[in-house]
Amino acid sequence: MSKGPELIITEKDNAARRIADILSGESAESDRVNGVNVYKWGGKRCIGLSGHVVGVDFPPEYNDWRDVEPVELIDAPIDKHPTQENIVAALRRLSRHASRVVIATDYDREGELIGKEAYELVREVNEDVPVDRVRFSSITDREVTEAFENPDELDFDLAAAGEARQIVDLVWGAALTRFLSLSARQLGDDFISVGRVQGPTLKLIVDREREIDAFDPEDYWELFADLQKDSTEEPSADPRADESARDEESFEAQYFYLDEDGNEAERVWDGEAAEEAYETLRNVETATVTSVRRRTRTDDPPAPFNTTQFIRAAGSLGYSAQRAMSIAEDLYTAGYMTYPRTDNTVYPEDLDPRELLDEFTANRTFGEDAQTLLEQEEIEPTAGDEETTDHPPIHPTGELPSRADLTEDEWEVYELVVRRFFATVAESAKWEHLRVVADAGGLSLKANGKRLVKAGYHEVYPYFNSSESFVPDVEEGEALAVTDTEMEAKQTQPPRRYGQSRLIETMEQMGIGTKATRHDVIQKLYDRNYIESDPPRPTRLARAVVEASEEFAELIVSEEMTAQLEADMQAIARGEATLDDVTEESREILEDVFEGLMESGEEVGKHLQKSLKADKTVGTCPESDHDLVIRKSRRGSYFIGCDGYPDCTYTLPLPSTGKPLIMDEECEEHGLSHIKMLAGRKTFVHGCPLCKAEEADEEEDLVIGACPECGEGAASETPRDGDGEAVEGEHGGELAIKRLRSGSRLVGCTRYPDCDYSLPLPRRGDIEVTDEECEEHDLPKIRITYGDSDREPWDLGCPICNYREYQAEQVDGSELESVKGIGEKTAEKLKAAGVEDVPSLKEAEPDALADLMDGVGPDTVRKWQSAAD
DNA sequence: GCAAGGTC
C-alpha cells in the first residue's frame with residue numbers, strides 16, 4: 001500500500017479552489033497537471049472536474065445515419081467514454097498513488113452521478129483505495145469542515161437513477177431524431193430533432209400559436225369619465241396655483257355594471273348599449289360619491305433569486321435568457337456572486353445578512369442603502385418555497401468589483417443581484433388603496449387609487465413598478481363635477497406569445513429541463529429553425545414536427561414523459577426498481593411508437609418537407625408558376641430565387657446585413673411576403689423585395705460630381721493594359737447617388753461595374769443634396785432628414801469626408817482583437833459583417849452574425865461574446 | 001451529425 005496523498009474531487013475548478021482554501025486555511029498552492037488546476041497542501045490534492053467528464057453514446061459502428069435503421073438504436077449497446085481527456089488523464093495520474101479519495105461533487109442527483117463517474121475512473125487505476133463521499137449545500141467554512149469530518153459513502157442507487165435518465169434520453173432522442181431527419185431527407189446541419197425536453201417546450205410554443213390563430217376577436221366598449229373634486233373653498237391669488245390644484249383633484253373613473261353572476265364588469269359587449277350609456281354619461285354634470293373604501297396592503301419583499309427568477313428579472317432589463325446567464329457566469333467566475341445555477345430560494349443558515357451588508361457600506365453605489373438596511377432593528381431575510389441542497393440562492397459575495405472592472409452590462413446585472421439581496425433583507429412596503437364609487441345619472445363609476453405610504457424594499461429595489469395612482473380624498477355623498485367623458489372602442493386580444501423568461505418559468509412549473517439547461521433548450525430551438533424572432537414564434541417546420549409527434553410519438557412532446565421518468569428515477573434511488581427495469585420498459589414503449597411511425601414514414605417525411613419549403617417561400621414567381629424562395633449564395637449571402645431554377649432564373653436581391661425573416665404581412669401589389677432582416681440592434685424591415693427592386697429601377701441616379709478614381713481630374717497619367725485599355729485614370733466617370741435593387745443606397749461611380757468606387761449612405765431617412773460644397777472634394781454636402789418623425793436631421797456632409805471619418809473610427813476595431821479567439825483576419829471579417837467594436841459584438845444576434853460570416857457558427861459567436869465580457 | 005445533463 002502506498003502512502004500517497006489524499007485526493008479530493010469536486011465538480012468544478014471553482015469549487016476545488018474554494019474547498020482547498022477552506023480545508024488548508026488558505027495555504028493551498030495551485031499547480032497544474034495536464035493543464036488542469038490542482039490545489040495542494042499538506043498531504044492533500046484537490047482537483048475540479050468540469051461536470052461530466054465521460055459521456056454516453058452508441059458505438060462508432062452506429063454513427064452512419066444512412067447505414068443504420070433508426071429503430072435499431074433502440075436495442076443498440078451504449079458506451080461510456082471520456083469526453084474531457086485532459087481532466088480524465090489528470091485524474092488517473094493523481095489517483096494512481098492516492099491513499100484516499102474523497103468525492104465532493106455537488107449535492108444533487110447529477111452530482112452523485114458525476115461522483116460515480118469519477119469513482120469508476122479512480123477504480124480503473126487503483127483497485128483498493130478507499131473512496132468516501134462528502135455532501136454540503138454551500139461552500140462555507142462551517143458546512144465544508146463539518147462534511148469532511150463526517151464522510152459518507154457514494155449513493156450508487158441515486159447515481160443509477162441519473163444513468164437511467166441518460167439512457168432513456170439518448171435512445172428516444174437519437175432514434176426519433178434520426179427517423180424524422182431521414183424521412184424528410186434532412187441529413188446535413190439542418191437535421192430535425194426531438195427530445196424529452198425540447199419536445200414539450202416546442203409544443204408549448206406551437207400550442208400558443210394555435211390559440212392565436214384560432215382567436216376570434218370580439219368588439220367591446222369601455223366608458224370613462226374625468227371627475228373633479230370641488231376645490232373652490234379658498235381661491236388663491238395665483239391663478240396658476242388654482243390650475244395645478246385642480247389637476248391634483250381631478251381623476252379618471254371607469255363605468256362598470258354587475259353582470260349576470262353579480263360580478264363587476266367594465267366591458268360593454270353591445271354597441272348600442274354602450275352608445276346609450278355614453279349618451280347618459282355625456283349629459284350628466286355631476287356624479288355623487290356612493291362609497292369610499294380605504295384599506296392598507298402589505299407588500300412583502302421578494303424571495304431570494306433562483307436561476308429562473310434571476311433570468312426573469314434580467315429579462316425585464318432587456319437581457320435574453322442566454323445573455324443573462326452568460327453574464328452571471330462571468331460574475332460568478334470572477335468571484336463577485338454565488339453560483340448562478342440553483343433552484344434554492346432559501347438562504348443557508350450561515351449566511352449572516354449583517355456581515356454581508358457590512359461589506360457594502362463603504363461602496364459608492366451601494367453604501368448608503370446598505371447602511372440604511374443595517375440600521376433596522378431586526379433583519380429577517382425572505383425565503384421562497386424551494387429549499388434544495390444544491391447551491392445557495394444567487395446573492396453577491398463579500399467581494400466587490402469596482403465599476404471599472406465590469407462592462408456596462410455586467411454592472412447592470414451585478415447591481416440587480418446586489419439589490420435583490422438588499423430587497424430580501426429589507427422591510428415590507430405599505431400601500432394605501434382607496435376605492436371610490438360614484439353614481440352618474442344612474443351609471444356606476446369607479447376609481448382605484450393607490451399610494452405608497454411606506455416604500456420599504458422599493459427603496460433599495462427599483463425594478464418593480466411602484467407607481468401610484470391618484471384618487472383624492474372624497475366623502476360619501478359628495479358631489480363631483482364630470483369634466484370629460486370618453487368611450488373607447490376595443491377588441492379582445494389573442495393570448496400573448498411566451499417571452500423567453502415566461503417560457504423558462506413555465507418549463508420550471510411543468511418540471512421539464514433543469515436550472516442549468518432551460519435557457520439552452522430555447523437556444524437550441526432557435527438553432528434548429530423551430531423558432532425565430534423574440535418573443536419566439538414557431539416556424540412551419542416546428543408545427544409539422546409537433547403535429548407528427550402528436551400523431552405517432554405523443555410522449556416525446558408531452559411533459560408526462562419527464563414526470564414518469566422522474567417517478568422511475570425516484571424508485572431507482574430508493575432501491576425499489578433497477579436501472580434495467582426502467583430502461584427496458586422505456587425501450588418497449590419506444591418499440592411500439594416505431595411500429596406506427598415506420599408505417600407512415602413517407603407521409604411524415606412529405607409533411608415535414610412541405611413545411612420546410614413553406615418556411616422559405618416568399619410568394620409566387622412573377623415569371624413562372626413556381627415558388628419564390630429564400631436561398632443562400634455560395635458566398636453566404638441571402639437572395640430570393642425561383643424554385644423552378646434552372647428553367648427559370650428569376651432572382652431578387654436582399655440586403656447584405658442580417659438574416660431574412662418572412663413576415664405575415666403581404667405586399668398588396670405583388671402578393672409577396674414582406675421581409676425583415678434580423679441583425680441584433682440593426683434589425684430592420686426590408687418590406688416587399690419586388691417593390692424595393694422596382695423603386696430602385698425607377699429611381700434615376702443623381703449625379704453629384706466627378707468620380708475621384710476615374711472621373712475628371714483623376715490621375716492624368718493613364719496607364720494602359722495589354723489591349724490598350726485604361727485601367728486607371730480619367731474616364732469621365734461621375735459620382736451619383738444610387739438606389740440598389742437590394743434596397744441599400746450609396747454614392748457610386750456611374751461607370752459601375754467598370755469602376756467600383758463607392759461610398760456608403762444610411763438605409764433610413766430622406767437624402768437631401770444641399771447647396772454647400774466640400775472644398776476638398778468638390779462634392780455637395782448631404783443631409784439626411786426623417787420626414788415627419790421627431791428625429792433631428794443628420795448633416796452627413798461630404799460623402800468622402802464622412803466615409804473617411806467612419807473608417808477612422810473603425811480603426812479602433814483592433815479592439816475586437818482583444819477578445820480571446822479573434823485574430824486580425826476574423827476582426828476584418830467581423831467588420832465586414834457590420835460588427836465594428838466589442839459592444840456591437842456582444843449585442844449581435846449569434847445566428848444572424850454567423851450567417852454573415854463564412855466558416856463561423858453561432859456557437860463560435862457565443863464563445864466570443866462570453867470571452868468579450 | 002442524434003438527447004439532456006453537467007461545465008466554460
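Side chains are part of it too, since the values below use all heavy atoms of this structure and drop only hydrogens, waters and symmetry mates. Just so we're on the same page: letters track the sequence lines, and every chain starts at 1. Remember, predicted model here, so these are calculated numbers, not experimental data.
Using a 4.0 Å cut-off, some side-chain N or O of A/Arg341 falls inside it from OP1 or OP2 of B/dT7. A/Arg109 has no side-chain polar atom (N or O) that falls below the 4.0 Å cut-off from OP1 or OP2 of B/dG6. Taking only side-chain nitrogens and oxygens, A/Thr517 comes nearer than 4.0 Å to OP1 or OP2 of B/dG5. OP1 or OP2 of B/dG6 sits under 4.0 Å from a side-chain N or O of A/Thr514. Between A/Ser193 and B/dA3, a side-chain N or O to OP1/OP2 separation shorter than 4.0 Å is present. Checking the phosphate oxygens (OP1, OP2) of B/dA3, a side-chain nitrogen or oxygen of A/Gln198 falls inside 4.0 Å.
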Which pairs of donor and acceptor atoms, one on a side chain in residues 584-601 of chain A, lie under 3.5 Å apart (sequence neighbours left out)?
{"unit_1": "A/Ser586", "atom_1": "OG", "unit_2": "A/Trp172", "atom_2": "NE1", "d": "2.8"}
{"unit_1": "A/Arg587", "atom_1": "NE", "unit_2": "A/Ile74", "atom_2": "O", "d": "2.8"}

May I have the list of side-chain donor-acceptor pairs in residues 60-71 of chain A shorter than 3.5 Å, sequence neighbours left out?
{"unit_1": "A/Asp64", "atom_1": "OD1", "unit_2": "A/Arg66", "atom_2": "N", "d": "2.8"}
{"unit_1": "A/Asp64", "atom_1": "OD1", "unit_2": "A/Asp67", "atom_2": "N", "d": "3.4"}

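With the nearest nucleotide of DNA chain B identified for both A/Thr83 and A/Ile167, A/Ile167 has the one nearer the 5' end. Of the two residues near DNA chain B, A/Gly188 and A/Tyr332, the one whose nearest nucleotide lies more 5' is A/Gly188.
Taking atom CZ of A/Arg178 as the reference point, atom P of B/dA3 lies 11 Å away to the nearest angstrom. At whole-Å resolution of the value, NE2 in A/His52 and C1' in B/dG5 are 5 Å apart. For A/Leu525 and B/dA3, the CG to P distance is 11 Å, given to the nearest whole Å. In this structure, CD1 of A/Ile512 is placed 15 Å from P of B/dA3, rounded to the nearest angstrom. Taking atom CD1 on A/Ile114 and atom C1' on B/dG5, their separation rounds to 8 Å, with Å as the unit. One atom, CD of A/Glu72, and another, P of B/dC2, lie 20 Å apart when rounded to the nearest Å. Nucleotide B/dA4 holds its P atom 11 Å from the CG atom of A/Leu170, rounded to whole Å. A/Asp520 has its CG atom 10 Å from the P atom of B/dG5, to the nearest Å.
No engagement by A/Arg66 is indicated, since no non-hydrogen atom pair under 4.0 Å with the nucleic acid exists. Within the 4.0 angstrom heavy-atom criterion, no nucleotide atom of any strand lies near A/Asp189. In this structure, A/Thr177 reaches the sugar-phosphate backbone alone: every heavy-atom distance under 4.0 Å involves primed, P, OP1 or OP2 atoms, never a base. Base engagement by A/Trp65 is indicated by at least one non-hydrogen atom pair under 4.0 Å involving a base atom.
The nucleotide whose nearest atom lies closest to any side-chain atom of A/Lys524 is, among B/dC2, B/dG6, B/dA3, B/dA3. Out of B/dA3, B/dT7, B/dC2, the shortest distance to the side chain of A/Phe191 is found at B/dC2. Relative to the side chain of A/Val56, the nucleotides B/dC2, B/dA3, B/dG6 differ in distance, and B/dA3 lies closest.
Between the side chain of A/Ser138 and the backbone N or O of A/Thr140 there is no donor-acceptor pair closer than 3.5 Å. Between the side chain of A/Ser558 and the backbone N or O of A/Glu554, no donor-acceptor pair lies under 3.5 Å.
In A/Lys80, the NZ atom is crowded: over 12 heavy atoms of neighbouring residues, nucleotides or ligands sit closer than 6.0 Å.
In this structure, the side chains of A/Leu202 and A/Val557 stay at 4.5 Å or more apart for every pair of heavy atoms.
Contact check of residues 8-19 of chain A against DNA chain B (heavy atom, cut-off under 4.0 Å) returns A/Glu11, A/Lys12.
A/Arg135 pairs in a salt bridge (charged side-chain N to carboxylate O under 4.0 Å, His left out) with only one of the listed residues (A/Asp152, A/Asp106, A/Asp108), which is A/Asp152.
Ring planes of A/Tyr414 and A/Tyr336: perpendicular class, angle over 60° (limits at 30 and 60°).
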